[in-house]
Structures are given as structure tokens and as C-alpha cells.
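Note sheet for the following structure.
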Amino acid sequence: MTDTVRVELGPRSYDILVGDGLLAEAGARIAAVTGRRAPIIVTDSEVAPRHLPTLLASLEQAGIASADPIILPAGEKTKDFAHLADLMDAILGRGIERSATLVALGGGVVGDITGFAASIALRGIDFIQIPTTLLSQVDSSVGGKTGINTRQGKNLVGSFYQPKLVIADTATLGTLPQRHVLAGYAEVAKYGLIRLPAFFAWLEENGSKVIDGDSAARRHAVRVSCQAKADIVGADERESGDRALLNLGHTFGHALEAATGFSDTLLHGEAVAIGMVMAFDLSARLGLCPATDAARARAHLQAVGLPVSPADIPGVAWDVNELLGHMAKDKKVKDGRITFVLARALGDAFTLRNVAGELVRALLVDSLKA
Ligand code: GLY
């Protein structure tokens, strides 16, 4: 069964297809977009052995050839200028025309750099996302944020550039390491926490099924998450309003990631889980949100096995001043003020810029002890 979620953006609208086993029929879906022209697949060295043969077979079955796939090195380090230059060289070296289509097969790194390459190749060619991680299926493949990292920070060079189609095959999550499933789950829970209280309650009941691989539960979680993101992006593509709510947990989380060098010590989704708990705790301390709601957010994330405090990450000597320094450099800082995504209740997030620095410091100090 395939669920279709529509991202409504006028002439740039597109479908997100969610289903179990979609990769095997991706060829026909891609052909419908490319008009049978051969796409160029971009993937990475870890995803290629797992999923590339199925995608190539489905293209062949649909009667379309594919240019030689481009296989990038796996890992966040690939999202830099040097690899972008190599990627552009490989794309242009295949003698493309404006009618060419890139297909990004992989997680967030592949999707982000391929989307960016599509946005600048010949001033813009089509691209299709086939996300193969939970995090990319529910977040990064949807909404058109593309880009690379620079020495100044993550995603500081990029574009808003929407794909023509997203194919989220939930069966591909079957080969994902459990830690990465959990990290992606933090972004699933985020939609419940920012605007879908009933979905959060569903996750409290069914979250372990999503994590353990129950196919119907996974499909439901991915579909609801994509619908939530599609609604937000459809209303605010370039983040001048509600799209900022998707940054719940990211201000604290980004500082934690920066302090651990964006390494495997702390995955992005793990940092977001801790950051969301801190955002709810801050909301409760400010008297904006019932403490019972903050406790529920923490209890659920902890119950599924996510870290909920910096103290849950072993072997890191956290430093409050360093974390505050990273927060002040966040790209969401405006006129020197940090924008926090806070909550009035579970499922009711909003942004606030006037949060007293002492309160943030006190929260960080306490969280390091927790
Ligand atoms: N990942 C947040 C956004 O797409 O806006």
C-alpha cells in the first residue's frame, strides 16, 4: 500500500510517496517524472551495496536506462566544497542537458548535497529524493532545504530547492542500525511535540513498534510526519514564520553537537531529543507550559531509549560557557538574540526571542547534573 502526501507549493508542488517496498517500483515513478530520460543516480558507498541494485533493476524494468551512478564517500564530511566540486564535475562530465534529473538515493548527506548540486547545475535541473534513513524520510528529504557545511558551520551554503518527487520506502529502514533509527525517531516525536498532540499520544502507545520495525507502525509514523512537514512547508517555504517551529530542540541540540565536533559521539537526532527536553523544561521554568507536559515529553523520549540530558552522553566534559558560546553563534540568531522554540503545552510550540540569559544558563547548569 502506498500513501501519497502532497506538498502544495503552486508550480513547485510535489508528491511524497510512503510505502513498504517502493524502491522496487521506483523506476516507473521516476519515468513518470523524467519522461523516460535516463536519470543520474547519486548515492554513497554504504547505501550503494544495500539499495542501488534494486533501484537499477526497477529502472531497467521501467524501460529507462540510467547513466553511471555517482557514488560518494559515506559520512557528513562529504557535505563540503571539495566533494561538491567533485560531484559537479561528475554530473557535468556525463554531458547533461537542462532536462536532466538527479536521483538522490541515501540519507540526509546525499540528499542535501545532491539537491544543492541540482539547484546550481546548468542553473537548475530536476531532482528526486529517495531517502533511506528515518531522519531523511521524515525531515531532510522534504521541504527543499539543500546545502553543504563550511568551516564556519553546518548548512551555511545552500538553497531552497524543491524536489520533483520523494519516494520514502519504509522497508529500506530495515537495514538501518538501531541507533540511527532512534535518532530519526526524535524527529518523528518532534511533530507530535510541536503541533500534533494526538500523534504524540499515539507515539506513547506505539513508539516502540515504530522503533522495532513494525511495518504498519513505521508507515503510519512516516506518513503523519511527512504530512506535518508538508503542511508547514506549504505555508512557509522559506522559514519566515511557522517553519521555524521545526527547529524545536535545535538551538540547544546544535550547541551540543558543536561541542562534540559533529561526531558520532552525539548524532543529530540524539542532540535534538536532548534539546527538545531542554526546550520543554525551559518553557515550564518560564511558567509557559505545565510541568506535567514537560515531564511527559522527557518520559517518552527516555522510554524509547533516547538520551534526554547531556549527562546521558558518556565521556564528554561539557562546559556551560562553551555551550552558550555555540548558541550565540547559531544561524537562527537575529539582531544578537537567540530565537527559542518553546511550548505552551504538548503539541503547541511557538517561538520566543526574549528569554533571559540567566535562565538559559541555569537550565544548562542543571541539565549537566541531571
Ligand atoms: N529541518 C528543518 C526544516 O526543514 O525546516
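Each ligand, and each atom within it, is numbered from 1 in the order the structure gives. All figures in this text were calculated on a predicted structure; none of them were measured in a lab.
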Using only atom types and a distance under 3.5 Å, with no angle test, would you say the side chain of Asn247 pairs donor to acceptor with the backbone of His250?
no

Can Asp126 and Arg37 be counted as an ion pair, charged N to O under 4.0 angstrom?
no

Any salt bridge linking Asp20 with Arg218? Criterion: basic side-chain nitrogen under 4.0 Å from a carboxylate oxygen.
no

Below the 3.5 angstrom mark, is there an N/O of Arg243, backbone or side chain, next to an N/O of ligand 1?
yes

Output yes when the distance from some N or O of ligand 1 to some N or O of Lys145 is under 3.5 Å, and no in every other case.
yes

Among protein heavy atoms, which lies nearest atom 1 (N) of ligand 1, and at what distance?
Asp139 OD1, 2.9 Å

Does Lys229 have a non-hydrogen atom less than 4.0 Å from ligand 1?
yes

Please say whether the positively charged group of Arg298, taken as NZ for Lys or CZ for Arg, lies over the ring of Phe280, i.e. under 6.0 angstrom from the six-membered ring centre and within 45 degrees of the axis.
no

